[in-house]
Amino acid sequence: MSLFIPSTTQTCPCQINPLSETDSPLSYQECCQPYHNAFYDDEVGGLKAETAERLMRSRYSAFVLIKPDYIVKTTLPAQQALLDVTSVESWAKETDWAGLEIVKHTPKLGKRHAQVEFEAYFNTKDNARDLAEKIQAHHELSTFVKTKDKFSNDARWYFLDPTVAITVTQKQPCICGSGEKFKRCCGGYLG
Ligand code: ZN
Ligand code: ZN
C-alpha cells in the first residue's frame, strides 16, 4: 500500500526537525521501523510503544510513510471502526511533511492517560523565499490512554482521537474498557 519505501538506514521521519539540527538523528531502522513492522507481522503480540511519546513519533512517521493501517491500529480500539481510512490516507499523501518537534511530553496524567504536545511541520506549495515562510506547523496536544486490547492481557498505549464522534453518555462505562465512568476517564479529554 505504501508508495514510498525508505531505505532503513535513512534518517527516521520523526527525527527531522527543520528548524533546529537534531544531534545524531536515528535511522528509520533504529527508530520507528520496528514498531511499524511489529504491527504488520503480529498484530497482537508485536512490539509495543513504551511511552505515549514513542507512540506519537511512530504515528507521525506512519503518516509520512503513508501507513494508514498503523494509524488506525494505534487509535483506541473502540474508535477504530469509526475512522475514515481513505481520508487518513489521502491526508497523509497530500501533505508534504517536513519534520517533527516534540514540545512537551506528560508521561503520566491521572491513572492511565498521557499527553504529547508537538509541532508537525509541512512545506507549503508556494515558492516562499525563506524557510520560515515556506514551512508551516500543525500544532497539536494529543491525548493517549494505556489500556488492554480485546486479545491480549497486556496494556498498550492508544491515541484518543478527539475528532471521532462518541456515542456514549457521560455516565456509561468508558470506551477504553477501564471500567470507570466515561466522564471520569477518557471523557475528560474528548470533546
Ligand atoms: Zn522515528
Ligand atoms: Zn477511558
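Bear in mind that the values here come from a model prediction, so they are computed numbers and not experimental data. We count ligands from 1, going down the list as the structure has it; atoms in each ligand are counted the same way. For the numbers below, each heavy atom of this structure counts, side chains included, while hydrogens, waters and symmetry mates do not.
Within the structure, the salt bridge (charged side-chain N to carboxylate O under 4.0 Å, His left out) test picks out the following pairs touching residues 97-111 (sequence neighbours left out): Lys111-Glu180.
Counting only distance, with no hydrogens or angles, the side chain of Thr147 and the backbone of Cys176 share a donor-acceptor pair below 3.5 Å.
Ring orientation note: the planes of Phe63 and Trp91 are nearly perpendicular, at an angle over 60° on the 30°/60° scale.
Note on His113: not counted as a metal contact of the Zn ion (ligand 2), no N/O/S atom lying under 2.8 Å.
Here Cys32 contributes SG and Cys12 contributes SG, and at the Zn ion (ligand 1) these two atoms make an angle of 100°, given to 10°. Angle subtended at the Zn ion (ligand 1) by Cys14 SG and Cys31 SG: 100°, rounded to 10 degrees. When SG of Cys176 and SG of Cys185 are joined through the Zn ion (ligand 2), the resulting angle is 100° to the nearest 10°.
Taking a 4.5 Å side-chain heavy-atom cut-off between Ile, Leu, Val, Met, Phe, Trp and Tyr, the cluster of Leu141 contains only that residue.
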